[in-house]
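Data first, discussion second: the structure below is written as structure tokens.
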Amino acid sequence: MRSMRRGIKEMDLILIAYSDARLATMSDAELDAYDALLSENDQDLYQWVSGQQEAPDPLRPMIADIRAVALDVEGGVGLRG
């Protein structure tokens, strides 16, 4: 539910796609990391996922995976130029 009610529609779409694709197979540690990521500011998350700014080192692998999922979704979710 926290992936769906972010505050800005772009992050709703991106994180819904990501959670649909990944949550069911995440380990407990990965779920904890995703939960912590959801506490980040939407504007920061969008800039990291869209490549406008570099994500902090500890978040880079998950941000890269979120971006990959968003770009892979049929029709994309707004990250293609």
Margin query: Looking at every heavy atom in both Ala33 and Met62, which two are closest together, and how far apart are they?
Written below: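 It is CB-CE, 3.9 Å.
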
Notebook entry, point to check: Between Val69 and Ala17, which heavy-atom pair has the shortest distance, and what is it?
Noted result: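 That would be CG1-O, 3.7 Å.
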
Mind checking whether [X] and [Y] have side chains closer than 4.5 Å, heavy atoms only?
X     : Y     : answer
Leu15 : Tyr34 : yes
Trp48 : Ile66 : no
Tyr18 : Leu23 : no
Ile63 : Leu37 : yes
Leu45 : Asp42 : yes
Glu54 : Arg60 : yes

Value rounded to 0.5 Å, distance of [atom1] in [X] from [atom2] in [Y]:
X     : Y     : atom1 : atom2 : value
Gln43 : Gln52 : CD    : CD    : 11.0 Å
Glu10 : Tyr46 : CD    : OH    : 5.5 Å
Asp35 : Met26 : CG    : CE    : 10.5 Å

Next item on the list: Decide yes or no on side-chain contact (heavy atoms from CB on, under 4.5 Å) for Arg22 and Glu30, but give the supporting numbers first.
Entry: CA-CA 10 Å; Arg22 297 287 195 259; Glu30 290 168 326; over 6 Å; no

